[in-house]
Structures are given as C-alpha cells and as structure tokens.
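Worksheet: the structure to be examined is printed underneath.
Counting convention: from 1, in listed order, for ligands and their atoms alike. These numbers come from a predicted model, not from an experiment.
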Amino acid sequence: MQISAELLRRFAGAKRVLVLTGAGVSAESGVPTFRGAGNTIWKGMPFDVISSGRMIERDLPAVWEWFDYRRNVLDNILPNPAHYEIARWQERFDELSLVTQNVDGLHQKAGSRNVVELHGNIWRARCIKCGCSRDYSSEQRPDACHACGDLLRPDVVLFGELLPAGAFEFAAERAAGCDLCFVIGTSALVYPAAGIPEIAKAGGAFLCEVNPERTPLSGICDEVLIGKAGEVLPLFGSLNHQSTKSQT
Ligand code: BV8
C-alpha cells in the first residue's frame, strides 16, 4: 500500500483533522457490516426496515430483539488496530474530530474521547416519554424507564428519525474548518452523514478515503487508499510520531 508524498506531507503538517467512520472500521473486529454480505436481513426484514422509526410504534419488542442480538454479538468484541490508531491521533493533532455512524462504542473502547455519535449508541436506552437516556452496557437493561416508568427504546437514530440535536451541526462545522478529512469504512449511502465529507471538500480540506472498495465518494477524494482500515491506518502510525500540536 503506497501512501503518496502529498498525503504524507499533509498528514505531517495537519492541524485540524476530521475522521468520519462507518461499519467498515469495525469489520476486522468481527462486527458484520450492513452491506458486507448484501443488504443485512433480520427475520425477513431489510435492516433499514427493522431499523426504522416506524417499527418503534409498530413492534417495539421486535426492535429490542434485533438490538439485543447485536448487543450480544458485540459483547466480547474488541477494537482493532484502526480504532487504536485513530485514538492516538487525538494526541497528535491540534484538533481531531471523530465522527462516527457506528453505534458499537468501539472507538471509545479504544480510548477515543468526545466521539460524535451521529446515530446514537447501542449500549444506551432512552425513555419514549421523558426522553432520559441511560447506559446499560454493564447491566441488564430494565423494561421501564427508571425515572418515569414508561417504555424504553434503543438510544439509536433509526431511519426516518432526526439525528441527536446539534450532532450533525457540530460535525458539519468541524468539517468546514478542517485541513485533512479521512473517510474510513463507509459506503457513504446514508444521509445526512454522507454529506460531511462533501462539506470538508468544499471547505478546502484534503479528502482521503480508506476502503477496500470504491464508493460514491471516491470521485471527490484527493486520495483513495484501497485496503482494510486495520491494515492501512497503522501505516500512518509508523510515520515518525512527532505531534503537530502547536506548543502553546
Ligand atoms: C433523517 C443506527 C431527517 C441504527 C443508522 C437524502 C437522500 C436519500 C435519502 C435520505 C436523504 N436524507 C434522509 C434520507 C433518508 C435516510 C437515508 O439516508 N436513507 C438511505 C438508505 C438512502 N436517512 C435517514 O433516515 C436519517 N434521518 O434524514 O432524518 C428526515 C426524516 C424523514 C425523512 C427525511 C429526512 C437517519 C439515518 C440513520 C439511520 N440509522 N444506524 C442501526 O444501526 O441499526 S444508519 C446505519 O446504516 C449506520 O449507522 C450507517 O450510517 C449505515 C450503514 O452504512 P456504513 O456504516 O457505511 O456500512 P455499510 O455496510 O453500508 O458499508 C460498509 C463499508 O465498509 C463498505 O463500503 C465496505 O466496502 C467497507 N469495508 C468493509 N470492510 C472494511 C471496510 N472499510 C475499511 N476496512 C475494512 N476492513
């Protein structure tokens, strides 16, 4: 895998970096991607049906079954070298914005802080009535809200639902101001997340995609690194690691 001199130069000199990740960054950890083996199907339903807001009203127990299944899959899954390399970048650059579509929490498990979770987190549940959200990663999730007793739902963004307040706006602002943007392991088909690299490009950022396959975004990227994130990202780590953080 050859990383161009241009990208190496940009990486060495970058101050504000934005990283957008999708399911592909967790693939080498053993988390199935959505489009890996054709559209993911659950009990005969395409994932963007079982993972749609309408299902909450129609059949909440079925939604919990789908997310409990995925929580169990994730239970003994660990981050991979891609997650760890990205976590190291927060010490390297003045501003590292990590924006993910993933709900698996593996970036945080690898040590990344202030992760912008555009689509929520599978380990949290939110009350349908009072809206209070709580992390249930280390305990059995109750059936009812501990605050008001009403029903709980997964604290993830389902299709047809709005993103968490301010999350997209924050990501878009950071994208518009970054000088280097990495797009890692996403098919770039789900909006508004897939619009973030376009905002970075329009803001003058150098756009680099990491994916074993080309995507609808590849055409606007300055560099496309065709490969697996867990193999490609550590190549940046092997670059002499002096931080570009300005000595304030
Ligand atoms: C909304 C949480 C306002 C739940 C998810 C504009 C145009 C068209 C449609 C729309 C539009 N605006 C809105 C829509 C509708 C919809 C949408 O985008 N539909 C798509 C299908 C066309 N968007 C929404 O509904 C959003 N809400 O817009 O609200 C609104 C409301 C009503 C009406 C209009 C507007 C909410 C979207 C969020 C849904 N929730 N997840 C759950 O997890 O179940 S989305 C979910 O799917 C993920 O979070 C992610 O975003 C997406 C999957 O994409 P990827 O992560 O990229 O994964 P995928 O499997 O597709 O690809 C993996 C990639 O990795 C591949 O490229 C592969 O080659 C690569 N790869 C594989 N191995 C590796 C690798 N890469 C690197 N290394 C490897 N080893």
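- Each of H107, Q101, Q108 was evaluated against E117; a single residue qualifies, Q108, per the side-chain hydrogen bond (donor to acceptor under 3.5 Å, both in side chains) test.
- Residue contacts with ligand 1: A193 is excluded, as none of its non-hydrogen atoms falls under 4.0 Å.
- Residues I184 and L20 are not in side-chain contact: their nearest non-hydrogen atoms beyond the backbone lie 4.5 Å or more apart.
- Around atom CG of D143, no more than 12 heavy atoms belonging to other residues, nucleotides or ligands sit under 6.0 Å away.
- For R141 and W64, the positive end sits near the middle of the six-membered ring, less than 6.0 Å away and at most 45° from its axis.
- The aromatic rings of F182 and F236 sit perpendicular to each other, their planes meeting at more than 60°, with 30° as the lower class boundary.
- Residue contacts with ligand 1: K228 is placed with no nitrogen or oxygen under 3.5 Å of a nitrogen or oxygen of the ligand (distance criterion only).
- Taking each of H119, E209, E213 in turn, the one with a heavy atom nearest to atom 38 (C) of ligand 1 proves to be H119.
- Between F93 and F11, the gap from one ring centroid to the other is short of 6.0 Å.
- Residue contacts with ligand 1 for L189 involve N, CA, C or O but no side-chain atom from C-beta outward (heavy atoms, distance under 4.0 Å).
- At a heavy-atom cutoff of 4.0 Å, ligand 1 is contacted by both the backbone and the side chain of A229.
- Under 4.0 Å from ligand 1, the heavy atoms of S51 that appear belong solely to its side chain.
- Nearest to atom 26 (C) of ligand 1 by heavy-atom distance, out of W42, Y191, F159, is Y191.
- Each of the following atoms of ligand 1 lies closer than 4.0 Å to a heavy atom of E28: 78 (N), 79 (C), 80 (N).
- At distances below 3.5 Å, at least one donor-acceptor pair connects side-chain atoms of R71 with backbone N or O atoms of I122.
- The closest approach between R70 and ligand 1 falls below 4.0 Å for a heavy atom of the residue.
- Polar contact with ligand 1: absent for T215 (N/O pair, distance under 3.5 Å).
- Counting heavy atoms from C-beta outward, E6 and F206 have side chains that approach closer than 4.5 Å.
- The nearest non-hydrogen atom to atom 1 (C) of ligand 1, considering only E161, Q101, E231, comes from E161.
- Of all the listed residues (V157, V63, V31), V157 holds the heavy atom that lies closest to atom 4 (C) of ligand 1.
- Listed by number with element, the atoms of ligand 1 under 4.0 angstrom from any heavy atom of V190 are 18 (O), 37 (C), 47 (O), 51 (O), 52 (C).
- Polar contact check, A23 against ligand 1: a nitrogen or oxygen pair lies under 3.5 Å apart.
- In the hydrophobic cluster analysis, where Ile, Leu, Val, Met, Phe, Trp and Tyr join through side-chain heavy atoms closer than 4.5 angstrom, V25 is grouped apart from L78.
- Using a cut-off of 4.0 Å between Lys/Arg side-chain N and Asp/Glu carboxylate O, R153 and E57 are scored as not salt-bridged.
- Residue nearest to atom 63 (C) of ligand 1, selected from G22, P216, G185, P192: G185 (by heavy-atom distance).
- Residue G230 places no heavy atom under 4.0 Å from ligand 1.
- When only interatomic distances are considered, the shortest N/O to N/O separation between G160 and ligand 1 falls below 3.5 Å.
- Taking CD of E65 as the start and CG of D59 as the end, the distance is 8.5 Å to the nearest 0.5 Å.
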